Participant: 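The structure follows.
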Amino acid sequence: MDFLHYRNGQLLAQNIAITDLAEHYGTPLYVYSADDIVEQFKAYQAPLSECKHLICYAIKANSNLSVLSLLAKLGAGFDIVSQGELERVLKAGADPKKIVFSGVAKSVAEIKRALEVGIKCFNVESEAELYRINEIAEQLGKIAAISLRVNPDVDAKTHPYISTGLRENKFGISYQLALETYQKAQLLPHIKIVGVDCHIGSQLTELSPFVDAADRILALVDKLKAHNITLEHIDLGGGLGVCYDNEKPPSISALITALKQKLAPFPELEILFEPGRSIVANSGILITKVEYTKHQDDQHFAIVDAGMNDLIRPALYQAWMKVLPAKAPQSCDQSYVYNVVGPICESSDVLAYQRELSVKQDDLLVICSAGAYGFSMASNYNSHPRPAEVMLIDDQHKIIRERETFADLWRGEQV
Ligand code: LLP
């Protein structure tokens, strides 16, 4: 969270006071730093500058059009998992030739549209999907470029809900069946095999699962070569963790350097990555206002205007996210150990447990590291309009998504 710091007791985001942003746009409010996003993206690009590569930002992490267009201008590719994401990223000005399409349940309409716009490749997750893509490509008179998403059966050592590379997970094609599935693909007239892909999970804080997965995938590349199946690219997915609390994930450059070494014997392969969180998580915050404090039965609640509808990570994954007051506490302020809770009628609606804070009604709090899987997972539960989103560009702030109105809540409904 390089763009956040206190000056004279005031919390600033890139020299703009949090209190000013809240006053200008209201709360709850998502705020992102363009500079931080650019810096993180460039951290992926720099160590790969001398190899053929494509960084396909996983747009599920934060799919605001401004974020996407910022990255498209830097030469990013994109990893999508739905037609909605495809339409978004095209709207943001992305080059279809830099889009890879992941996801286990691609529909006929989604495959058709992706073929029509000419994406780089489908990351195929099952044999049945392969046949469906072949059939639709035949109807359209096209050849579909595909890569198999292979499940390397590696323990990502992360939260079970965001672990994707184990045999019991629904994702990808089993490592044992990979060669056989490539051979079946080879026989399909409207399929062109171009790559191999894996993604083993998210918020990985150790290097070893990435390296183990790369070893297994590269062993497969050798095996495929021996069977006359040559590839153009290898996609090692996303998943690099960030620091929310005191985690110490490898840096982007340490990760890329380790994997580049593994890939050195395969100079013919273009290298793809699909990072999401590590590009945007620490580039964003959620500003929320304390509506009430409540002290009863030894419990202290800071009841704020953002809830699990705006930021579901703490409720869904027991995620710990740092909370900072917009005004630094004075030594004379009374503090309590609070549960920071939202307005939603669920006991799981807790943004942060057991935080020592000195806050009072109408104070502002900042939930840090909220740039990834924050707004993109927000909902209208309890009929709350979703927050506005603002981008900081140098010392300017710019609205990049209006706060939803009440009329937005029932758009398309009938009485
Ligand atoms: N590629 C594929 C195929 C994925 O499924 C994902 C994330 C990514 C790339 C990007 O992974 P990242 O670099 O962001 O870790 N909502 C959860 C995270 C779910 C991740 C799902 N897949 C959270 O808030 O922790």
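Note that the structure is predicted; figures quoted are calculated from it, not measured. Just follow the structure's listing: the first ligand is 1, and inside any ligand the first atom is 1.
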Participant: Under 4.0 Å from any heavy atom of Arg149, which atoms of ligand 1 are there?
Facilitator: 3 (C)
Participant: Heavy-atom count around Lys97 NZ within 6.0 Å, excluding the residue itself: above 12?
Facilitator: yes
Participant: Any idea how Tyr44 and Phe273 line up, ring-wise: parallel (<30°), tilted (30 to 60°), or perpendicular (>60°)?
Facilitator: tilted
Participant: Relative to each other, are the rings of Tyr338 and Tyr336 parallel, tilted or perpendicular (30° and 60° limits)?
Facilitator: perpendicular
Participant: Please say whether the positively charged group of Lys106, taken as NZ for Lys or CZ for Arg, lies over the ring of Phe101, i.e. under 6.0 angstrom from the six-membered ring centre and within 45 degrees of the axis.
Facilitator: yes
Participant: Where does Glu274 meet ligand 1, judged by heavy-atom distances below 4.0 Å: at the side chain, the backbone, both, or neither?
Facilitator: both
Participant: Find all atoms of ligand 1 within a distance of less than 4.0 Å from any non-hydrogen atom belonging to Ala58, and give their numbers and elements.
Facilitator: 8 (C), 9 (C), 10 (C)
Participant: Heavy-atom distances under 4.0 Å decide this one: backbone, side chain, both or neither, for Arg313 against ligand 1?
Facilitator: side chain
Participant: State if Ala61 counts as touching ligand 1 under the rule of any non-hydrogen atom under 4.0 Å.
Facilitator: no
Participant: Within ligand 1, which atoms have a heavy atom of Met377 less than 4.0 Å away?
Facilitator: 16 (N)
Participant: Aromatic contact between His227 and Tyr182, with the criterion being ring centroids under 6.0 Å apart: yes or no?
Facilitator: no
Participant: Would you name the heavy atoms of Leu351 and Pro314 that are closest together and state the gap between them?
Facilitator: O-CG, 3.5 Å
Participant: Can you confirm whether more than 12 heavy atoms, excluding those of Gln361, are under 6.0 Å from its CD atom?
Facilitator: yes
Participant: Taking a cutoff of less than 4.0 Å between a non-hydrogen atom of the residue and any ligand atom, is Ser278 in contact with ligand 1?
Facilitator: no
Participant: Taking the side chain as every heavy atom from C-beta outward, state whether Tyr6 and Pro325 have any pair of such atoms under 4.5 Å apart.
Facilitator: yes
Participant: Does the pair Glu268/Lys225 count as a salt bridge with the N-to-O cut at 4.0 Å?
Facilitator: yes
Participant: Out of all atoms in ligand 1, which are within 4.0 Å of some heavy atom of Gly239? Include the element for each.
Facilitator: 11 (O), 12 (P), 13 (O), 15 (O)
Participant: Should one rank Gln203, Arg277, His199 by closest heavy-atom distance to atom 25 (O) of ligand 1, which comes out on top?
Facilitator: Arg277
Participant: If you measure from each non-hydrogen atom of Asp79 to ligand 1, which part falls under 4.0 Å: side chain, backbone, both or neither?
Facilitator: side chain
Participant: Which ligand 1 atoms, with their elements, are less than 4.0 angstrom from a heavy-atom of Pro275?
Facilitator: 13 (O)
Participant: Does ligand 1 come near enough to Tyr317 that some N or O of the ligand is less than 3.5 Å from an N or O of the residue?
Facilitator: yes
Participant: What part of Phe171, side chain, backbone, both or neither, has a heavy atom within less than 4.0 angstrom of ligand 1?
Facilitator: neither
